[in-house]
Enquirer: 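Below: one structure in structure tokens.
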Amino acid sequence: MSITNTNNETDLSTVASVTTPTNNDIMRVREFLVDLQARICESLEAQERDGSTNNNEHATFVPDDWERPEGGGGRSCVLADGEVIEKAGVMFSHIHVHNLPASATARHPNIAGRKAQAMGVSLVVHPRNPNVPTSHANVRLFVAEAEGEAPIWWFGGGFDLTPFYPVLADCVHWHQVCHDLCAPFGDNIYADFKQWCDEYFHLRHRDEQRGIGGLFYDDVSTESRGWDFETCFNFMKAVGNGYLDGIMPIFEQRKNTPYTETQREFQLYRRGRYVEYNLVYDRGTLFGLQSNGRIESILVSMPPLASWHYRFEPAEGTPEFELTDYYLKPRDWLAL
């Protein structure tokens, strides 16, 4: 099988099957993640620059390098108060954990007592214009190690879209990107990881989807999928690069769409759902809090403004009603 990615071309037919990654393999993943963070920041800054009314001044990402007492660290890049992007956080981390939290060992009791390292890029982008969806992406590698034993490792990640005033063509485009990047890895990968995303980003206490989904996967390894390390790594690269392929055309088409104060208020109301999900269900947030993570980096995904209204019910036939009545329901977007 041959896999080609936009920025990291690899012919898997020439790669030896590796099921136990070496330190060099892990460092190659780190190098890709550092580069991915930089490319995403550059692409988002370009949207901010192009949409700014002042060509000489526009919001940019501010890098914040940090170290973790247990070992490792990262770089958190945050853009705030832009004309196009109200807040965006693009975070890289590579941390070492000596005592794994319950959120990790409950799902994987075989890693209890091991030391671990986790690395990844995670991001959330909250645009100012309600016509541009909020987007989220994450790609990560987890390795649990014990002296004299083979490491236990897996990849996880995905990306999803949370629109406020969705456009059907954007939803189809988003899922077409998801489908196309999955296709070289197997006929059922898109369907499986799309369904996983729909199930994962579900607010059970409201019986409501967070957005229109995308891809979500976890525990991807030789044991779970039959893929060697290189194939799993190539899938990470496809997903990381696919996020930009998915979101940039939507920014281009929607960032200058006029909007009203009423639409802005509805955007803030729907952002409240985003906050609820991240604090109640998100595994990454729970892992970070339980592993004594860096609070600023964990909670950077929160929107700068959000609101809650008691028993808000949009009028039938309005775009606000259509959001939950039609778009926030799992569906086959590619069959429309």
Enquirer: Which heavy-atom pair separates Leu181 from Ala238 by the least distance, and what is that distance?
Expert: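 Residues Leu181 and Ala238, closest heavy atoms: CD2-O, 3.9 Å.
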
Enquirer: Would you list the pairs meeting ring pair (Phe, Tyr, Trp, His ring centres under 6.0 Å) in which at least one residue belongs to residues 38-78, sequence neighbours left out?
Expert: none

Enquirer: Sequence neighbours left out, what passes ring-ring contact (aromatic ring centres under 6.0 Å, His included) with Tyr281? Give chain and number order.
Expert: His205, Tyr277

Enquirer: Only counting residues at least two apart or in another chain, list the ones meeting ring-ring contact (aromatic ring centres under 6.0 Å, His included) with Trp196.
Expert: Phe216

Enquirer: Please answer whether the main-chain N or O of Ala59 pairs with a side-chain N or O of Ser52 as donor and acceptor at a distance below 3.5 Å.
Expert: no

Enquirer: Give the minimum heavy-atom separation between Arg271 and Pro303, together with the two atoms involved.
Expert: CD-CB, 3.6 Å

Enquirer: With distance as the sole test, does Asp198 use its side chain to make a donor-acceptor pair with the main-chain N or O of Gly213 at under 3.5 Å?
Expert: no

Enquirer: Might you point out which heavy atoms bring Leu279 and Leu299 nearest each other, and give the distance in Å?
Expert: CD2-CD2, 4.3 Å

Enquirer: In a table with atom names and distances, give each donor-acceptor pair under 3.5 Å that connects a side chain of residues 116-127 to protein atoms at least two apart or in another chain.
Expert:
from   : atom 1 : to     : atom 2 : distance (Å)
Gln117 : OE1    : His94  : NE2    : 2.7
His126 : ND1    : Thr134 : OG1    : 3.4
His126 : NE2    : Ser301 : O      : 2.8

Enquirer: Do Tyr190 and Asp180 come within less than 4.5 Å of each other through their side chains, counting heavy atoms only?
Expert: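 No, side chains not in contact.
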
Enquirer: Ignoring hydrogens and geometry beyond distance, is a side-chain donor-acceptor pair present between Gln47 and Glu252 at under 3.5 Å?
Expert: yes

Enquirer: If the condition is ring-ring contact (aromatic ring centres under 6.0 Å, His included), which residues does Phe159 pass it with, not counting sequence neighbours?
Expert: Trp174

Enquirer: Between Arg294 and Asp64 (salt bridge meaning N to carboxylate O under 4.0 Å), is one present in this structure?
Expert: yes

Enquirer: Do you know the tightest heavy-atom contact between Gly51 and Lys255?
Expert: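 Shortest heavy-atom separation between Gly51 and Lys255 comes out as N-NZ, 4.2 Å.
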
Enquirer: Apply ring pair (Phe, Tyr, Trp, His ring centres under 6.0 Å) to residues Tyr269 and Phe164 and explain how you reach the verdict.
Expert: CA-CA 10 Å; Tyr269 165 71; Phe164 309 103; over 10 Å; no

Enquirer: With a 4.0 Å cut-off on N to O distance, would you call Glu208 and Arg270 a salt bridge?
Expert: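 Salt bridge flag = yes for Arg270 with Glu208.
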
Enquirer: Here's a test for you: under ring pair (Phe, Tyr, Trp, His ring centres under 6.0 Å), which of Phe229, Phe155, Trp227 qualifies with Phe235?
Expert: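 Checked Phe229, Phe155, Trp227 against Phe235; only one passes ring pair (Phe, Tyr, Trp, His ring centres under 6.0 Å): Trp227.
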
Enquirer: Under the criterion side chain to side chain donor-acceptor pair (under 3.5 Å), which of Glu149, His98, Glu147 is the partner of Arg114?
Expert: Glu149

Enquirer: Looking at residues at least two apart in the chain, or sitting in another chain, which of them share a ring-ring contact (aromatic ring centres under 6.0 Å, His included) with Tyr259?
Expert: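 Not a single residue meets the ring-ring contact (aromatic ring centres under 6.0 Å, His included) criterion with Tyr259.
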
Enquirer: Quiz question: by atom type and distance under 3.5 Å, do the side chains of Glu83 and Thr53 form a donor-acceptor pair?
Expert: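 Note: Glu83 and Thr53 side chains meet the donor-acceptor criterion.
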
Enquirer: If only atom types and distance count, is the side chain of Asn241 paired as donor or acceptor with the main-chain N or O of Lys237 below 3.5 Å?
Expert: yes

Enquirer: Can you tell me if Thr22 and Asp25 form a side-chain donor-acceptor pair at under 3.5 Å?
Expert: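 There is such a pair between these side chains.
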
Enquirer: When you measure from the centre of the six-membered ring of Tyr326, is the NZ or CZ of Arg331 under 6.0 Å away and within 45° of the axis?
Expert: yes

Enquirer: Checking Asn234 side chain against Glu230 main chain: does a donor-acceptor pair fall under 3.5 Å?
Expert: yes

Enquirer: Going by atom types only, do Glu199 and Gln195 share a side-chain donor-acceptor pair under 3.5 Å?
Expert: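 Present: a donor and an acceptor within the cut-off.
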
Enquirer: In terms of side-chain geometry, is the basic nitrogen of Arg140 or Asp218 positioned less than 4.0 Å from the acidic oxygen of its partner?
Expert: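 Salt bridge flag = yes for Asp218 with Arg140.
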
Enquirer: So, Trp308 and Glu276: side-chain donor and acceptor under 3.5 Å apart, yes or no?
Expert: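 Short answer, yes.
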
